[in-house]
Amino acid sequence: MTVHGGIRRRDLFGLLGSATIAWPLAGRAEARKVPRIGGLVPANPETFRIPFEEGLRALGYVVGETIFVDFRSADGRPERLPALAAELVRLKVDVLVTFQTPAVHAVKDATRDIPIVFVAGDPVGTGLVASLARPGRNLTGFSSTTAELGEKMLELMLELMPSLRRVAVLANAADSFTGRFLAQLSSGGKALGIAVKPLSVRRVEEFAAAFAEMDRWQAHAVIVQGSLPRKPAIELSRKHRLPAVSAQKQFVIDGGLMSYSANTRRSVRAAAGYVDKILKGAKPADLPVQQPTIFELVINLR
């Protein structure tokens with residue numbers, strides 16, 4: 001090998017060595033520029049994660065390469081939500097995405113700086129945003145308006161089961177949305193001549209006692225609030241031979257009788273679009289909270 005320009009062989013090797021060390025450092029610096037999204041859900045993480053990542057891919061992102069997504073689920077234990085939210089904040093994610101009211105409140109309490117995109121019921125009534133048009137602060141997203149659909153859900157149940165007179169509600173005591181949800185069901189029940197009995201639970205371990213109470217009350221069917229873990233509720237409804245209804249399509253896919261709700265999958269995919277806008281410079285306070293326009297009735301024919 002010939003060295004020109006008066007550079008000594010050992011100096012050249014020293015320069016090459018320095019370059020070899022610098023290249024991977026530059027690569028790591030470049031990798032740090034890839035956006036990182038933090039996701040938090042109270043339970044049933046696949047209901048949010050799968051359509052959200054579909055939405056990102058539709059926008060041209062490659063999950064794990066051009067964008068990173070760190071998901072956390074409280075697995076039906078609401079007391080875990082604040083710690084999980086704080087963990088995501090410590091990761092210094094670029095945007096937080098959340099599904100259902102308890103998780104949104106947890107991330108809202110954890111940060112005033114990181115943008116938050118949510119899919120949740122009644123964001124104004126539960127104090128998440130100031131208004132739909134001008135959400136303010138660092139939050140925006142999509143309303144599922146589940147509470148307003150309570151009476152319609154009872155109407156559909158009555159069509160399916162004409163002898164329906166007593167409906168139990170497995171309600172999430174840790175969800176600030178629950179009050180409005182139960183109020184709508186109670187109002188609908190009175191209009192339709194159906195007695196509605198709420199049974200509040202905070203964790204999966206309380207489900208069995210709630211279903212035992214449904215038996216004592218001789219419930220004809222049960223409505224399971226969407227922010228509760230799905231599969232344990234479905235298993236107990238089968239064991240107690242109670243038709244089970246919820247506001248999530250996946251509830252029926254997993255074995256429930258019926259669901260009626262806004263098209264949550266569509267809203268979650270759209271949440272990926274809001275994340276994309278924020279990563280490109282938009283402020284959450286300037287993005288209005290959107291309401292659903294498409295609703296789905298799904299019945300398990302089996």
Side-chain angles (χ1 to χ4, degrees), residues 37-64 67 69-76 95-104 107 116-123 128 132 139-150 152-153 156 172 175 177 181 223-231 233-234 244-279 287-302:
I37 310 303
L40 182 62
V41 295
N44 313 316
E46 71 284 358
T47 303
F48 189 92
R49 182 185 59 78
I50 292 172
F52 179 71
E53 292 186 353
E54 285 175 357
L56 290 176
R57 286 192 288 270
L59 292 164
Y61 291 98
V62 180
V63 178
I67 194 166
V69 182
D70 290 303
F71 257 95
R72 302 288 186 273
S73 171
D75 297 322
V95 184
L96 285 159
V97 293
T98 59
F99 184 46
Q100 298 178 332
T101 307
V104 189
V107 295
I116 297 167
V117 177
F118 60 77
V119 177
D122 192 16
L128 292 173
L132 298 180
L139 292 92
T140 189
F142 298 80
S143 166
S144 60
T145 64
T146 307
E148 291 83 347
L149 302 179
K152 184 64 176 179
M153 186 181 290
L156 292 166
N172 189 348
D175 190 340
F177 180 63
F181 179 64
I223 294 173
V224 178
Q225 191 169 349
S227 56
L228 290 169
R230 205 169 42 239
K231 292 182 180 179
I234 292 171
V245 175
S246 189
Q248 290 182 5
K249 179 179 179 179
Q250 191 64 41
F251 188 87
V252 179
I253 294 170
D254 288 346
L257 172 65
M258 186 184 83
S259 69
Y260 181 70
S261 67
N263 188 320
T264 303
R265 192 178 193 90
R266 186 184 181 94
S267 296
V268 173
R269 284 176 62 99
Y274 264 15
V275 168
D276 179 56
K277 288 178 185 293
I278 291 168
L279 290 175
L287 298 172
V289 175
Q290 296 189 32
Q291 292 183 296
T293 56
I294 297 176
F295 298 86
E296 291 182 322
L297 169 65
V298 184
I299 299 173
N300 189 340
L301 296 179
R302 294 181 183 178

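Atoms CG and CG, from L301 and L257 in turn, are 9.5 Å apart once rounded to the nearest 0.5 Å. Between the CG atom in L56 and the CD1 atom in I67 there is a gap of 5.0 Å [rounded to 0.5 Å]. Put simply, CG on L156 and CD1 on I299 are 7.5 Å apart, with the number rounded to the nearest 0.5 Å. Distance check: L139 CG to T98 OG1 gives 7.5 Å after rounding to the nearest 0.5 Å. Taking NZ from K249 and OG1 from T264, the interatomic distance works out to 10.5 Å, rounded to the nearest 0.5 Å. Atom CG in N172 sits 9.5 Å away from atom OG1 in T101 (nearest 0.5 Å).
Taking the side chain as every heavy atom from C-beta outward, V275 and L59 never approach each other to under 4.5 Å. At least one side-chain heavy atom of I223 sits under 4.5 Å from a side-chain heavy atom of F181. In this structure, the side chains of F52 and F71 come closer than 4.5 Å at one or more pairs of heavy atoms. Taking the side chain as every heavy atom from C-beta outward, N44 and Q248 approach each other to under 4.5 Å. The shortest distance between side-chain heavy atoms of V224 and I234 does not fall below 4.5 Å. Looking at heavy atoms from C-beta onward, M258 lies in side-chain contact with L297 at the 4.5 angstrom threshold. Between V298 and F251 the shortest side-chain heavy-atom distance does not fall below 4.5 Å.
Legend: residues meeting side chain to side chain contact (heavy atoms under 4.5 Å, CB included) with Q290, ordered by chain and number and at least two apart, are F142, Y274. Scanning for side chain to side chain contact (heavy atoms under 4.5 Å, CB included) contacts around V289 gives F118, P123, V129, L132, P135, T140, S143, with sequence neighbours left out. Looking at residues two or more places apart in sequence or on another chain, you find no salt bridge (charged side-chain N to carboxylate O under 4.0 Å, His left out) involving E296. Partners of R72 under the side chain to side chain contact (heavy atoms under 4.5 Å, CB included) rule, at least two apart in sequence or in another chain, are L40, D70, L84, E87, L88, L91. Partners of A43 under the side chain to side chain contact (heavy atoms under 4.5 Å, CB included) rule, at least two apart in sequence or in another chain, are P229.
Neither side chain, Q250 nor R230, offers a donor N or O lying under 3.5 Å from an acceptor on the other.
Residue pairs meeting the salt bridge (charged side-chain N to carboxylate O under 4.0 Å, His left out) criterion with at least one partner in residues 258-268, sequence neighbours excluded, are E54-R265.
Smallest separation of non-hydrogen atoms from G55 and A272: C-CB, 3.7 Å. Nearest heavy atoms, G226 versus Q100: O-NE2, 2.9 Å. Across every non-hydrogen atom of R269 and P51, the tightest pair is CG-O, 3.2 Å. The two residues V252 and S259 make their nearest non-hydrogen contact at CG2-N, 3.4 Å.
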